[in-house]
Number of protein chains: 2
Amino acid sequence: MVQKQEYLSKNQKIVLDHVEKANQPLKAYSILFNVQKKGLKAPLQVYRALDKLVEIGKIHKIESRNTFVACKNSNCVVSNATAFSICESCEKVTEINNSKLSKYLSNFEDNSGMKYSKYNLEFFGLCKKCKNK
Amino acid sequence: MVQKQEYLSKNQKIVLDHVEKANQPLKAYSILFNVQKKGLKAPLQVYRALDKLVEIGKIHKIESRNTFVACKNSNCVVSNATAFSICESCEKVTEINNSKLSKYLSNFEDNSGMKYSKYNLEFFGLCKKCKNK
DNA sequence: TAACGCATTGTTATATTATAACATTATTAT
DNA sequence: ATAATAATGTTATAATATAACAATGCGTTA
């Protein structure tokens with residue numbers, strides 16, 4: 001299997017490393033605060049790294065929350081088909097990895113004749129823990 | 001006993017009216033600028049009206065763009081199941097009204113056992129016009 | 001009808017999220 | 001080696017959104 005190799009720059013590695021270790025979505029300025037000891041001083045340094053990491057699919061942006069989370073799907077190369085479940089109580093976010101869903105959405109066409117190259121889906125509800133409270 | 005609001009307040013009417021006439025998503029501060037002649041002076045007045053209008057489903061937020069668009073679906077009461085197509089070139093946004101899609105997504109369950117009460121889906125691509133350029 | 005509850009309004013200030021602009025350095029391709 | 005491209009560093013500022021508090025309007029009910 002041929003896999004595209006990604007060389008990450010110093011800042012990109014620092015940011016990705018931090019986001020991967022979090023296991024939950026992080027805000028850009030929280031990332032900034034936490035990587036300042038590694039030399040990243042300004043918001044732009046974080047945002048530029050995030051932009052690139054989102055572009056290559058290593059990180060996804062949770063649009064409704066303005067947060068960033070590491071991709072759990074190891075073979076996710078580009079971020080063109082994303083789905084998340086979001087608990088509206090504890091804000092826990094989980095990436096949904098469901099081939100039926102992704103097939104359905106990737107092939108979706110409406111009557112406008114527009115063919116979609118990308119989608120982002122966010123489900124909201126209460127997670128098991130919060131439902132039982 | 002709390003009664004559900006039947007009528008829109010003055011500010012809510014002004015904001016909804018403006019957004020409905022636009023036929024395209026608007027940014028909050030663009031709305032603010034345009035309703036200043038009607039007496040709304042501060043961002044909060046616009047955001048508060050938008051919050052309420054989104055809550056009751058008269059307006060939807062395009063999360064990936066931080067813009068607000070009037071709901072075209074006349075019988076849309078609450079905004080708990082939304083889907084949009086977004087042209088990445090001209091930024092034209094269309095609300096997708098497809099009963100198969102909404103049924104599929106409203107009934108979707110993943111293996112987490114989480115039942116979703118709400119979703120928002122954004123498709124991206126090139127609209128017909130932009131594809132032929 | 002008076003008083004309570006609650007949504008809405010008005011206002012100032014501030015928090016949060018994100019990008020512009022420009023100079024410099026590193027990496028890659030030829 | 002050189003040119004093209006990507007990444008970095010830095011300061012400043014734009015764009016988006018909320019906090020806090022006082023006041024007003026309006027329906028409910030005691």
Side-chain angles (χ1 to χ4, degrees), chain A residues 4-19 22 24-69 78 88 91 93 120 122, chain B residues 1-19 22 25-69 78 88 91 93 120 122:
Chain A
K4 190 182 169 189
Q5 188 161 5
E6 304 294 348
Y7 297 97
L8 297 180
S9 73
K10 191 191 95 201
N11 289 358
Q12 290 159 11
K13 271 182 212 147
I14 291 171
V15 169
L16 178 57
D17 188 56
H18 182 70
V19 175
Q24 59 173 323
L26 300 177
K27 300 184 169 200
Y29 275 73
S30 139
I31 296 170
L32 173 60
F33 179 80
N34 282 283
V35 297
Q36 276 179 336
K37 59 190 74 111
K38 305 229 165 121
L40 283 82
K41 290 174 188 161
L44 249 195
Q45 295 176 293
V46 170
Y47 277 106
R48 287 199 282 224
L50 285 172
D51 281 353
K52 188 69 184 181
L53 292 163
V54 166
E55 188 190 323
I56 65 177
K58 293 289 190 188
I59 282 184
H60 303 307
K61 181 172 187 183
I62 310 299
E63 294 286 356
S64 65
R65 301 299 191 256
N66 296 320
T67 55
F68 299 86
V69 69
V78 277
E88 290 187 298
E91 293 293 324
V93 170
N120 179 54
E122 297 181 1
Chain B
M1 173 176 151
V2 182
Q3 184 156 359
K4 193 182 164 189
Q5 184 187 353
E6 289 179 27
Y7 302 103
L8 297 179
S9 73
K10 190 190 95 201
N11 289 358
Q12 290 160 9
K13 271 182 213 148
I14 291 170
V15 169
L16 178 57
D17 187 55
H18 182 69
V19 175
L26 299 178
K27 301 185 169 200
Y29 275 73
S30 139
I31 296 171
L32 173 59
F33 179 80
N34 282 284
V35 297
Q36 276 179 336
K37 60 190 76 113
K38 304 229 168 122
L40 283 83
K41 289 173 187 162
L44 249 196
Q45 296 177 293
V46 169
Y47 277 107
R48 287 200 282 225
L50 285 172
D51 281 354
K52 189 69 185 183
L53 292 164
V54 166
E55 188 191 322
I56 64 177
K58 294 289 190 187
I59 282 183
H60 303 308
K61 181 172 185 182
I62 310 299
E63 294 287 356
S64 66
R65 301 300 190 255
N66 297 320
T67 55
F68 299 87
V69 69
V78 277
E88 289 187 299
E91 292 295 324
V93 170
N120 179 53
E122 296 180 3

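Here is how names work: the chains are called A, B, and so on, in the same order as the sequence lines, proteins then strands, and each is numbered from 1. Predicted, not measured: the structure shown is a model, and the values here were computed from it.
- Separation of atoms NZ (B/K10) and CD (B/Q45) is listed at 8.0 Å; rounding is to 0.5 Å.
- Side-chain nitrogen and oxygen atoms of B/N11 include none within less than 4.0 Å of the OP1 or OP2 phosphate oxygen of C/dA7.
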Protein proximity profile, nucleotides 10-17 of chain D - base contact B, sugar-phosphate-only contact S, no contact -, cut-off 4.0 Å on heavy atoms: BB----BB

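- For the pair B/L8/B/I56, a side-chain contact is recorded, criterion being any heavy-atom separation below 4.5 Å from C-beta on.
- Rounding to whole angstrom units, NZ of residue B/K52 and C1' of C/dT9 are separated by 14 Å.
- Across every non-hydrogen atom of B/F68 and B/I59, the tightest pair is CB-CG2, 3.9 Å.
- Considering only heavy atoms from C-beta on, B/K61 comes within 4.5 Å of B/N66 through its side chain.
- Rounded to whole angstrom, the span from the NZ atom of B/K13 across to the P atom of C/dT9 amounts to 10 Å.
- In this structure, NZ of B/K10 is placed 12 Å from C1' of D/dG25, rounded to the nearest angstrom.
- Closest approach of B/V69 to B/V19, counting heavy atoms only: C-CG1, 3.8 Å.
- For the pair B/L8 CG and D/dG25 C1', the computed distance is 16 Å after rounding to whole Å.
- Formation of a donor-acceptor pair under 3.5 Å by the A/E122 side chain with backbone atoms of A/I62 is not found in this model.
- Rounded to the nearest 0.5 angstrom, B/N34 CG and B/I14 CD1 are separated by 12.5 Å.
- For the pair A/Y7 and A/Q12, the tightest heavy-atom approach, listed with the atom from each and the gap, is O-OE1, 4.3 Å.
- With rounding to the nearest 0.5 angstrom, the NZ atom of B/K27 is 11.5 Å from the CD1 atom of B/I31.
- In this structure, CG on B/L16 lies 9.5 Å from CG on B/L50, to the nearest 0.5 angstrom.
- Following rounding to the nearest Å, B/L53 (CG) and C/dA7 (C1') show an atom-to-atom distance of 14 Å.
- Rounded to an integer number of Å, the gap from A/F33 CZ to C/dT17 P is 15 Å.
- The minimum heavy-atom distance linking A/A28 with A/V46 is given by the pair O-CG1, 3.8 Å.
- The distance between atom CG of B/D51 and atom P of C/dT9, rounded to the nearest whole Å, is 12 Å.
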Between the protein and nucleotides 24-30 of chain C, list the N/O to N/O atom pairs that are separated by less than 3.5 angstrom.
none

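- Residue B/S9 places at least one side-chain N or O closer than 4.0 Å to OP1 or OP2 of C/dT9.
- One end of the helix from C/dT1-D/dA30 to C/dT30-D/dA1 points its axis 40° away from the other end's axis, with each axis taken from 5 pairs and the angle rounded to 10°.
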